[in-house]
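For reference, the structure discussed in these notes is given below.
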Amino acid sequence: MDAMTTSGTHSLPTPALLADRERYPEGTIVDIGGVSVGGTEVVVIAGPCAVETRDQILKTAEVVRSEGARVLRGGAYKPRTAPYSFRGLEEAGLELLTLARSKTGLPIVTEVMDTKKIQQVCDHADALQIGSRNMHNYALLDEVGLTNKPVLLKRGMSATIQELLLSAEYILKQGNEQVVLCERGIRTFETSTRNTLDLSAVPMLKKLSHLPVVVDPSHAAGHWWMVPALAKAAVAVGADGLLIEVHCDPGCALSDGEQSLKPEHFKTMMAEVRSVARSVGREIAAPGTATRG
Ligand code: PEP
Ligand code: MN
């Protein structure tokens, strides 16, 4: 039988039982350090691709907080295509994220790539990111499933929706029910964008699964100027959150500067996505409302 059953409802040839919508028809709300993802609010998670310096992360954290972002995201361990590229400040980066949380009150999400570092990352972060390249790293999924931290699981760049849900299943099966799915663009024949944002994944994932779905237009587009348009579209199709890369000086960023919004563009984008959210019965935090310290 193919992916469409004769009953007319969508189901998967290999079911993701624990991730299945039928298990929690109302939808799961994931709590990231006191911020609910999966409720009425569309949660904006923002920050630089990588933590670079104390000044950079503190400044960026304050910018995104003041514009209505509810969660700070920055990488301390960076998966890079070339081994010679900047690969993150590692533990020092985690400590700077903790400092940024204490100054802004924003919970933090950061990537973990290695089972040996899970405890260290858990000691600092409010949520763990599993990056696109590790969506198929089943040993890592098993281990983060044993933690009590929410997991932001990014879709593999060539992964189907079924594969994404089955990767979520690995985490859920271990007892960790706090999983947020992230659409971040997939590889297609198109080369003008870094990836192709699969917006159809949002309503499909929401139909198949009870887990919240966030969209990362930054890694999908690869161009900063496209990010606001894709962010608005993501909110319109039902995303529960957005993941946006922001840098105060993108030209000098150590990673992903081309797709990072400057503070003034982030501000404009936030006003735009807020009005789209309102038009679809959702809300996005107003500027300056997130708690500080
Ligand atoms: C990132 O989030 O900075 C990142 C490397 O993204 P992805 O895993 O989606 O490529
Ligand atoms: Mn990045």
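Below, each value reflects all heavy atoms present in this structure, side chains not excepted, and no hydrogens, waters or symmetry copies. Since this is a predicted model, take the numbers as computed values, not measurements. When a ligand or atom number is given, it counts from 1 through the structure's own listing order.
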Of R80, E111, R73, M135, which has the heavy atom at the shortest distance from atom 2 (O) of ligand 1?
R73
Starting from the Mn ion (ligand 2), look over the N/O/S atoms of [X] and name the nearest one.
X: H219; result: NE2
X: E245; result: OE2
X: D256; result: OD2

Exercise: do D55 and T53 side chains pair donor with acceptor under 3.5 Å:
no
Determine whether the side chains of Y77 and E91 contain a donor N or O and an acceptor N or O closer than 3.5 Å.
no
Number the atoms of ligand 1 from 1 as they appear, then name those within less than 4.0 Å of a heavy atom of [X], with their elements.
X: K78; value: 1 (C), 3 (O)
X: Q129; value: 1 (C), 2 (O)
X: E245; value: 3 (O)
X: G131; value: 8 (O)
X: S132; value: 7 (P), 8 (O), 9 (O), 10 (O)

Close N or O approach (K154, ligand 1; < 3.5 Å):
yes
Exactly one of H219, K154, R155 should register a side chain to side chain donor-acceptor pair (under 3.5 Å) with E183. Which one does?
R155
Whether C49 lies under 4.0 Å from ligand 1, heavy atom:
yes
Is the closest heavy atom of R155 to ligand 1 under 4.0 Å?
no
What's the shortest heavy-atom distance between I284 and V42, and which atoms?
CG1-O, 3.5 Å
At what distance is the nearest protein heavy atom to atom 9 (O) of ligand 1, and which residue and atom is it?
R184 NE, 2.7 Å
Write out the residue and atom name of the closest protein heavy atom to atom 4 (C) of ligand 1, then the distance separating them to 0.1 Å.
H219 NE2, 3.3 Å
Carboxylate-amine/guanidinium proximity below 4.0 Å for [X] and [Y]:
X: E62; Y: R65; answer: yes
X: R282; Y: D240; answer: yes
X: E245; Y: R73; answer: yes
X: R194; Y: D256; answer: yes

Measuring only between side-chain heavy atoms, which start at C-beta, is W224 closer than 4.5 Å to H265?
yes
At under 4.0 Å between heavy atoms, which part of M157 makes contact with ligand 1: side chain, backbone, both or neither?
neither
In terms of heavy-atom contacts, does CD of E190 have more than 12 from other residues, nucleotides or ligands at under 6.0 Å?
yes
